[in-house]
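Worksheet for the structure shown next.
Computed from a predicted structure; not experimentally measured. Order of the sequence lines fixes the chain letters, A, B, ..., with proteins taken first and strands second; residue numbering starts at 1 for each chain. Values below: all heavy atoms of this structure, side chains included; hydrogens, waters and symmetry mates excluded.
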Amino acid sequence: MSVRTRVAPSPTGDPHVGTAYMALFNLVLARSQGGRFVLRIEDTDQERSSPAFETGIMDALRWAGLDWDEGPDVGGEFGPYRQSERLAIYRQHAEELVASGGAFRCFCTKERLDALRRSQQANRETPRYDGLCRGLEPTQSRDRAANGEAYVVRLDVPESGTCRFADGIRGDIEIPWRQVDMQVLVKSDGFPTYHLAAVVDDHLMGITHILRGEEWLNSMPKHQLIYDRLGWSPPAHYHLPLLRNPDGSKVSKRRNPTGLDYYRRSGYLPEALCNYLALMGWSMPDEGEIFSVEEMTAAFDLDRLSTGGPVFDLTKLAWMNGQYIRAMDPGQFMDRVADWAVNRENLTPLVPLVQERTQRLADLLPQVDYLLGDRTAVDESDFVHKRLDRDDCKRVVDHAKRRLDGLTEWDRDSLRDALVALADAMGIKVRDFLAPLFVAVAGRTVALPLFDSMAYLGRDVVRSRLMDALAVLGGTGKKQAKRLERDYANLTDPGT
RNA sequence: GUCCCCUUCGUCUAGUGGCCUAGGACUCCGGGUUUUCAUCCCGGCAACAGGGGUUCGAGUCCCCUAGGGGACGCCA
C-alpha cells in the first residue's frame, strides 16, 4: 500500500510554527516514499473555528512551500477534507459504536461532572468519568435520547488491565487503562471530538503513517480502542517531540514568536525556516546542516528522528537565513525582496497615510521604515512622558497587549475601538495613552497613525514589539505580573 | 497529585558496545582578510544528569534516583 500522511490543523487561531513543523515531516515522509500528503481541516470546535483562520493557515503553509496533494481547496478522492462537512460519517460510526457496546450515551450534567472531577482531584486520583451512564439499559438510553434529552457519546474504557501500543520513535509503551478517561466522542451539539473524527478520517482517508506531536501520546489508548472497536487496524504512529521555549516549556506565543506570519513579515525565507525546522527533530546522515526540503526528502529516514524536545532558537535561525540570503545571486535577491514586501500591492495601503505627509519623495522611506523592517531599538528614556511615569507606561503597554490578545478582528477600526475603550477604562486621556504605544510599535512618538500601523504590521509583529517594550521598561516580575493581571481584570472595559 | 515521555557543550545535534583523548553547527571569545560594518577564513572556551549493575570493554544495554516536559476538557 502506498504511503499516505496528513497534517490536520484546527482553524482556531493564527498559523502556528508547530503546524509547519508537523506538516514538514509528514510531507517529507510521503514524498520520500512516493506517497501522498493530505491537508485536513479539523474544524469540529464550532465555538472557536473560523473560515478566516482556515484561509490563514493554508496561505501560511503554502508560503512555507509545504504543499499538499489533497485537501479542501484542491480536492482528492477521499474528500471532503473539512471535518465539518463529514458529520454524517462520524454520526454513523458513533452509532455503530453505541450499538456494539463500544461506546454509550451519557446524560450527565456539567454540574455533576464538575463535582466529580473536584472530588477526584481532592483524592489525588486522575480525574476520570465514573461510568454512571454506562450502566443504563440500552432501551432506556434510546428512549431518553428519543425524548430529546441532551447527551454525549462516550467511549467505553476497560476498568483494569494495561493498554500496550507501539510508537515508531519511542518503542513499546504501556499505559494502565485506569488512567484513560471515558472520552467524549460526540458532543451534545452533535459534532465529534478530535478523538473520534481523527481516527475515522485517518482510516477512511487511507492514512498509513501519523507523525504528530508528543502531546498526543497519552491519547493513544483511546485511539487504539476506537480502531479496534471499529474493526480497523491503526496506522503507524510516530510522536515527535514538541518545540520548546528557551525555558524548556512547550513553545508558546507568550515567550516566543510562534506565528508563521511573524517570520514571513520579518523577512525570514520559507526555505530557511523549513531547513531550521527540519534540524529541530532530524539530522542528515552526513551531518550537513544546510539542505533543501528536496534534499531532505531524498535522504529521509524515520530512524533519524530525535526524541528530545528542541528549544526553538531564533539566533541560529537568523544565521541560517543569512546563509540562504547570501547564497542568492543579486537578481534572485531583488526578486525575493520584491516578492516579500517591496511591491505595489504591499505598498499601496501605505500611500494614503504617507502621501499627505510628504513634501519630497525622499520623505517616503523614513516614514515607513518601521512598517517594512524592524523598528529601531528603544530604551527606557524613549518612553519618558510628561504625564506618565515608567510604571504608567508599563501598565499601558501591558494592558494593551492583553486587550489585543483577546481581539478577534484585526483591522484599523477594531483596533481603535478596543484601545480607545481601554484608555477610557483606565482613566487616561487617549492622547497620553497612545504615547507609549507609539514608542513600542514605531520606535518613536511621531509616526504614521498608530491603528493603521498596527493593522498593517499584523498581530504577531505587534505582539513581539509590545513584549520587547515591556522588557525594555524593566520587565515584569512574578509579583508585578500578578498585580497587572488583577488590575486589568478589574477594569470596567466595555470591550471585554 | 496520578500516569506517560525525555535527558551528550548555553542552544541544535553526531554517536546504534571498542574507530570517543566524545565530532559538527549556532552563540561567545581571540586572530586574520576588508577604507568602516558585515561577509569570509583560522583558532579557542564548552557536554555524556547522578548512582548502581551487565560486559574484557558503556555516552551507547538494564535498574534506581534526580531533573525537565507532556497529558489528565462536550479544545485540538
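Between the CD atom of A:Q183 and the C1' atom of B:rA71 there is a distance of 11 Å, rounded to whole Å. If you measure from atom CZ of A:R212 to atom C1' of B:rA71, you get 13 Å, rounded to the nearest angstrom. Look at CZ on A:R48: it is 13 Å from P on B:rC74, rounded to the nearest Å. Distance, A:R40 CZ to B:rA76 C1': 12 Å, rounded to whole Å. Rounded to whole Å, the distance from CD1 on A:I57 to P on B:rA76 is 14 Å. To the nearest angstrom, P of B:rA76 lies 14 Å from CD1 of A:I41. Summarising the geometry, the separation between OH on A:Y90 and C1' on B:rC74 is reported as 17 Å, rounded to the nearest angstrom. A:F53 places its CZ atom 15 Å from the P atom of B:rA76, with the value rounded to the nearest Å.
Comparing the same atom, C1', in B:rU54 and in B:rU60 gives a spacing of 13 Å after rounding to whole Å. Spacing of C1' atoms, B:rG17 relative to B:rG73, comes out at 47 Å, to the nearest Å. Using C1' as the reference atom, B:rC28 and B:rU11 are 12 Å apart when rounded to the nearest Å. When the P atom is compared between B:rU21 and B:rA58, the two are found 12 Å apart, to the nearest whole Å. Taking the P atom of each, B:rU36 and B:rC19 are spaced 47 Å apart, rounded to whole Å. Taking atom P on both B:rG53 and B:rC45, the two are 34 Å apart, rounded to the nearest angstrom. Rounded to whole Å, the P atom of B:rU16 lies 30 Å from the corresponding atom of B:rG68. Separating the C1' atom of B:rG15 from that of B:rA47 is a span of 13 Å, rounded to the nearest Å.
Counting non-hydrogen atoms under 4.0 angstrom, A:T44 reaches the backbone sugars and phosphates but no base. Using a 4.0 Å heavy-atom distance criterion, A:S10 is classed as a sugar-phosphate-only contact. Heavy atoms of A:K250 sit under 4.0 angstrom from primed sugar atoms or phosphate atoms, though from no base atom. Residue contacts shown for A:R178 are absent, as no nucleic acid heavy atom lies under 4.0 Å away. Within the nucleic acid shown, A:Q323 comes within 4.0 Å of sugar-phosphate atoms alone, with no base atom in reach, counting heavy atoms only.
Judged by a 6.0 Å distance limit and a 45° cone about the ring axis, A:R31 is not positioned over the six-membered ring of A:F37. Figure legend: A:R154 and A:Y129 shown as a cation-pi pair, the cationic atom lying under 6.0 angstrom from the six-membered ring centre and within 45 degrees of its axis.
At distances below 3.5 Å, at least one donor-acceptor pair connects side-chain atoms of A:K187 with backbone N or O atoms of A:T44. Judged by distance alone, the side chain of A:E295 and the main-chain N or O of A:S292 form a donor-acceptor pair under 3.5 Å. Within the 3.5 Å criterion, the main-chain N or O of A:V462 finds no donor-acceptor partner in the side chain of A:Y262. When atom types are taken as modelled, the side chain of A:D172 and the backbone of A:R164 share no donor-acceptor pair closer than 3.5 angstrom. Not a single donor-acceptor pair under 3.5 Å links the side chain of A:R134 to the backbone N or O of A:F104.
Side chains of A:S381 and A:D379: a donor-acceptor N/O pair is present below 3.5 angstrom, by distance only.
Side-chain contact between A:D468 and A:R375 is present, with heavy atoms from C-beta onward closer than 4.5 Å.
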Sugar-phosphate atoms are those with a prime plus P, OP1 and OP2; base atoms are the rest. Using that split, label each nucleotide of nucleotides 2-24 of chain B B, S or - for protein heavy atoms under 4.0 Å, 5' to 3'.
BSSBSS---SBSSS-------BB

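Between B:rG73 and A:K187, no contact under 4.0 Å exists linking OP1 or OP2 to a side-chain N or O.
Checking B:rU39, B:rA76, B:rC74 against the side-chain heavy atoms of A:R326 singles out B:rU39 as nearest. In the set B:rA76, B:rC40, B:rC72, the nucleotide with an atom closest to the side chain of A:P127 is B:rC72.
Of the nucleotides present, B:rC28 is the one that pairs with B:rG44 by Watson-Crick or G-U wobble criteria, both distances under 3.5 Å. B:rU16 makes up no base pair with any nucleotide shown, lacking Watson-Crick or G-U wobble contacts both under 3.5 Å. In a base pair of the Watson-Crick type (N1 to N3 plus N6-O4 or O6-N4) or a G-U wobble (N1-O2 and O6-N3), with each distance short of 3.5 Å, B:rC3 is matched with B:rG70.
Ring pair A:F300/A:F25 is tilted by interplanar angle, where 30° to 60° counts as tilted. Classified by interplanar angle (parallel below 30°, tilted 30° to 60°, perpendicular above 60°), the ring pair A:H195/A:W216 is perpendicular.
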For nucleotides 43-49 of chain B, which of its nitrogen or oxygen atoms have a protein nitrogen or oxygen under 3.5 Å away, and what is each distance?
none

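Of the two residues near RNA chain B, A:T109 and A:G248, the one whose nearest nucleotide lies more 5' is A:G248.
Side chain A:S188 to base B:rC74: a donor-acceptor pair is found below 3.5 Å.
By the salt bridge (charged side-chain N to carboxylate O under 4.0 Å, His left out) test, A:R4 is found to be paired with A:E70, residues two or more places apart in sequence or in another chain being considered.
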